[in-house]
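Read the structure below first, then the notes.
Worth knowing before you read on, the calculation uses all heavy atoms, side chains too, and leaves out hydrogens, waters and symmetry mates.
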Amino acid sequence: MSEERKSLNFLEQIIEEDLANGMPQSKLRFRFPPEPNGYLHIGHTKAIGISFGFGEKYNAPVNLRFDDTNPAKEEQEYVDAIKEDVAWLGYKWDKELFSSDYFQQLYDWAVQFIKEGKAYVDSQTSEAMAEQKGTPTQPGIDGPYRNRTVAENLDLFQRMKAGEFHEGSHILRAKISMQHPNMLMRDPIMYRILKKHHHRTGNDWCIYPMYDWTHGESDYIEQISHSLCSLEFKPHRELYDWFLDQITDPNLIRPKQREFARLNLSYTIMSKRKLLKLVEDGIVRGWDDPRMPTISGLRRRGYTPNAIRKFVETVGVAKRDNIIDVSLLEFCIREDLNKTAPRVMAVLDPVKLVITNYPEGKEEWLDAENNQEDDSAGFRKVPFSRELYIEKDDFKEEANSKYFRLSLGNEVRLKNAYIIKGESVVKDSDGNITEIHCTYSEDTSKKVKGTLHWVSIKHAIKAEVREYDRLFMDEAPDSHQDKDFMEFLNPESLKILEAFVEPSLKSAKVGDRFQFQRLGYFNVDSDASAEKLVFNKTVGLRDTWAKQEQEKQPETKPVQQNNNTSQPQRKAIDVIQQLGKKYTNLPEAKQLKAKEEIQQLANEVSFDELQPLFNTAAKKVGTRIATIISLGVLLKNGLQRNTDIEEFINNALEDSNLILVKEAQEITF
RNA sequence: UGGCUUAUGGUGUAACUGGCAACACGUCUGGUUUUGGUCCAGAAGAGUCUAGGUUCGAGCCCUAGUAAGCCAACCA
């Protein structure tokens with residue numbers, strides 16, 4: 001009985017608690033409420049994964065509700081795209097709903113609010129109202145229309161609805177308090193006049209409810225038990241609850257809003273507004289450009305629903321700001337594709353290889369395993385002949401023993417074929433290698449260090465291959481207050497190659513995923529046609545060789561370079577403290593190193609910075625040792641002794657820790 | 001300057017009512033291998049933001065700081 005208790009995240013704990021307190025599981029209900037004003041991105045996947053994930057875990061319904069209260073920004077195109085993406089991820093919603101379905105009910109409740117003196121029509125300019133609202137640190141003041149009579153409010157509101165007024169001339173506000181510490185509670189707007197065509201209600205309405213007024217009541221109407229959203233809505237919760245308080249029937253479920261930290265991915269942006277700018281400025285080819293962090297972009301790039309779901313699951317749920325490393329996403333897609341993608345051979349940067357002892361005109365069709373990770377994948381035939389393409393990178397005229405690939409005089413294996421030995425090269429007038437000549441041997445049992453992929457020139461088919469790099473060169477492109485995210489655009493995020501692929505790929509269909517052996521995972525792009533194959537590189541294979549090569553020439557990593565500059569410089573005293581903490585736990589050799597480091601750093605430390613550490617608790621020996629060492633440096637640099645210093649040293653001399661005593665003795669004399 | 005939230009290895013999350021910090025990614029070794037992939041074995045890396053306190057014992061509790069994020073759209 002190895003009852004492995006899976007630790008629960010804080011949202012699961014809340015649900016479990018509600019269940020334990022008597023809420024029947026059958027009352028559990030969730031919702032995913034996108035605004036149809038853009039495409040879903042990887043960040044939304046977290047929200048989707050949480051709410052739909054709970055739906056699956058607790059066997060509870062999950063509604064897909066489009067929050068469509070702003071006809072100026074919302075479009076049917078986005079509704080369709082969102083539905084496609086959620087479905088593609090493999091989630092099933094219970095009901096497809098729209099906030100606009102509740103416009104009448106919301107209106108009726110608003111009238112009731114007015115009658116009860118809980119709402120009023122304000123007729124000022126937005127500037128005047130903003131002024132009265134105050135600031136986070138200063139309370140607001142009541143506006144001149146705050147005490148209109150019920151009859152007057154009712155009349156105005158009905159005429160707003162009837163379309164008698166211009167946009168901006170009147171609004172309906174909840175009457176709460178202009179002095180409330182929470183800005184959102186200072187008589188928030190419930191309705192504004194918008195004479196716009198709505199994608200679903202057409203021209204039926206010219207007043208539209210605001211988010212806060214709509215969201216909680218929609219949850220209530222749908223009897224959502226847990227309304228989960230991201231952290232920036234935390235301050236809205238108070239208002240969410242206030243609106244609910246006015247209408248809730250105690251016999252019905254009262255929805256609970258709870259907030260979690262949204263997902264951020266390194267080197268990418270998640271704001272729909274900013275993504276839209278990339279689309280509109282033509283930086284990318286559309287919302288589904290494979291470089292985009294949108295779900296449709298990832299799909300086109302070759303990501304699988306499985307991989308994305310695994311990713312959000314792995315990322316976890318908590319309340320602190322986070323930036324997930326893209327390498328985790330890449331790990332998830334490799335893990336999935338490794339198991340499922342058929343292996344094929346493709347040469348992206350070709351150089352001609354001639355096997356001089358292979359008969360001209362001869363061809364053989366050799367067996368190739370489709371996927372060694374999958375026994376059921378079977379075999380296919382690949383054509384072999386005297387003239388092949390291999391990767392330029394796979395040949396060097398001369399190489400050291402660490403280079404496993406082809407070089408003159410050395411043998412390598414051709415994947416699925418024979419062993420060859422480099423003999424000579426043919427060069428053009430500029431010294432570029434145009435042909436590599438080699439001989440082959442049919443004894444394939446030999447042990448050789450390297451294996452190369454190849455294609456037969458005569459049989460190969462041409463294909464366009466699109467390689468992608470990150471869109472931004474900064475880890476957090478939209479987190480700089482002084483710089484626009486567009487400044488960090490990577491000019492080389494797309495590279496288009498003319499490649500040669502094995503003939504079995506002729507029948508590949510749009511969306512098919514493959515592993516190009518030794519290179520990475522690729523899928524057929526939707527731009528492909530019967531005449532022209534187009535592949536996207538989904539992700540490369542892990543490449544420890546390339547990593548080693550790169551380390552040799554650090555200046556060839558322009559993208560990584562940024563990293564260092566963006567890392568804040570820690571203050572010397574902080575580093576000293578850090579080193580001190582672990583000092584006593586270090587083995588002797590490392591202690592010496594740490595000591596040297598502390599002494600080095602101490603040169604940059606002032607006495608004012610060091611003095612507070614004199615008060616370090618007696619039991620924190622490591623910190624005291626680091627302080628003593630630093631103090632020694634300061635004294636050597638001419639610091640005058642004072643009583644604080646003497647006392648600190650004397651205390652150290654009497655300590656039970658021998659290292660501390662020793663260090664103290666060293667500076668006593 | 002007010003309110004709210006958060007603080008654990010390079011990154012993300014754990015640690016049930018206090019019991020000598022775990023998992024994943026990443027990094028580094030070594031082995032296997034017709035992919036420098038996969039797989040296998042192993043290692044390094046945090047004493048939990050700081051300073052006090054309670055306790056036999058604190059990442060968890062208390063106090064005071066510090067830092068970061070969010071909040072003043074007729075957006076959601």
Sugar-phosphate only, base, or nothing, as touched by V448(A) at under 4.0 Å among non-hydrogen atoms: nothing

Distance-only side-chain donor-acceptor flag, R186(A) / H180(A), under 3.5 Å: no

P atoms of G31(B) and A24(B), separation to the nearest Å: 23 Å

Polar side-chain atom of E391(A) near backbone of D349(A) as donor-acceptor pair, under 3.5 Å: yes

Pairwise P distance, U29(B) and C62(B) [rounded to whole Å]: 46 Å

Residues which pass salt bridge (charged side-chain N to carboxylate O under 4.0 Å, His left out) with R309(A), listed by chain and number, not counting sequence neighbours: E56(A)

Between P of C75(B) and CZ of R273(A), the distance in whole Å: 15 Å

Same-atom distance (P) from A64(B) to U27(B), integer angstrom: 44 Å

Side chain to side chain donor-acceptor pair (under 3.5 Å) partners for T314(A), two or more places apart: none

Short side-chain donor-acceptor distance under 3.5 Å, Y240(A) and E217(A): no

Separation of C71(B) C1' from L239(A) CG (nearest whole Å): 13 Å

Sugar-phosphate, base or nothing in reach of Q132(A), heavy atoms under 4.0 Å: nothing

Glycosidic class, syn or anti, of G59(B) using a 90° window around 0: anti

Check: L8(A) main-chain N/O paired with Q13(A) side-chain donor or acceptor under 3.5 Å: yes

Touch class at under 4.0 angstrom, heavy-atom based, for I323(A) against every strand present: sugar-phosphate

Sugar-phosphate only, base, or nothing, as touched by S327(A) at under 4.0 Å among non-hydrogen atoms: sugar-phosphate

Donor-acceptor contact below 3.5 Å, side chain K449(A) vs main chain S401(A): yes

Sugar-phosphate, base or nothing in reach of F233(A), heavy atoms under 4.0 Å: base

S227(A) versus R31(A), side-chain donor and acceptor atoms under 3.5 Å: yes

Gap in Å between the two P atoms, one belonging to A58(B) and one to C70(B), rounded: 36 Å

Salt bridge (charged side-chain N to carboxylate O under 4.0 Å, His left out) contacts touching residues 119-143 of chain A (sequence neighbours left out): D122(A)-R173(A), D142(A)-R146(A)

Pairwise P distance for A67(B) and A51(B), with rounding to whole Å: 16 Å

Rounded C1' spacing from G42(B) to C49(B) in Å: 33 Å

Touch class at under 4.0 angstrom, heavy-atom based, for H236(A) against every strand present: base

Touch class at under 4.0 angstrom, heavy-atom based, for K272(A) against every strand present: nothing

Sugar-phosphate only, base, or nothing, as touched by I171(A) at under 4.0 Å among non-hydrogen atoms: base

Distance in angstrom units between L184(A) CG and C74(B) P, rounded: 11 Å

Value in whole Å for how far the P atom of A76(B) lies from CZ of R262(A): 16 Å

Sugar-phosphate, base or nothing in reach of M129(A), heavy atoms under 4.0 Å: base

Atom-to-atom span, CD of E330(A) to C1' of A24(B) - whole angstrom: 16 Å

Closest nucleotide among A76(B), A14(B), C74(B) to the T69(A) side chain: A76(B)

Any K319(A) side-chain N or O less than 4.0 Å from OP1/OP2 of U6(B): yes

Residues in side chain to side chain contact (heavy atoms under 4.5 Å, CB included) contact with C229(A), at least two apart in sequence or another chain: F233(A), Q257(A), E259(A)

Upstream residue (5' side of RNA chain B) when P136(A) and K73(A) are each assigned their closest nucleotide: P136(A)

Check: W454(A) ring centroid to Y389(A) ring centroid under 6.0 Å: no

Between C1' of A24(B) and CG of N322(A), the distance in whole Å: 15 Å

Pair K272(A)-N37(A), side-chain donor/acceptor within less than 3.5 Å: yes

Whole-angstrom distance between G69(B) and G30(B), as gauged at atom C1': 44 Å

Phosphate OP1/OP2 of C28(B): any K547(A) side-chain N/O under 4.0 Å: yes

Gap between atoms CG and P, on L231(A) and A68(B) respectively (whole Å): 17 Å

Pairwise 5' ranking along RNA chain B for Q13(A) and D68(A), keeping only the more 5' one: Q13(A)

Sugar-phosphate only, base, or nothing, as touched by A318(A) at under 4.0 Å among non-hydrogen atoms: sugar-phosphate

Span that lies between the P atom of A7(B) and that of A76(B), in whole angstrom: 31 Å

Dot-bracket encoding of pairs in RNA chain B, which uses [ ] for pseudoknotted crossings and | for another strand, Watson-Crick or G-U under 3.5 angstrom: .((((((..((((.....[..)))).(((((.......))))).....(((((..]....))))))))))).....

Nearest-Å distance for atom pair NZ/C1', residues K310(A) and G12(B): 14 Å

Nucleotides 33-43 of chain B: protein proximity per nucleotide (B base, S sugar-phosphate only, - neither; heavy atom, under 4.0 Å): SBBBBB-----

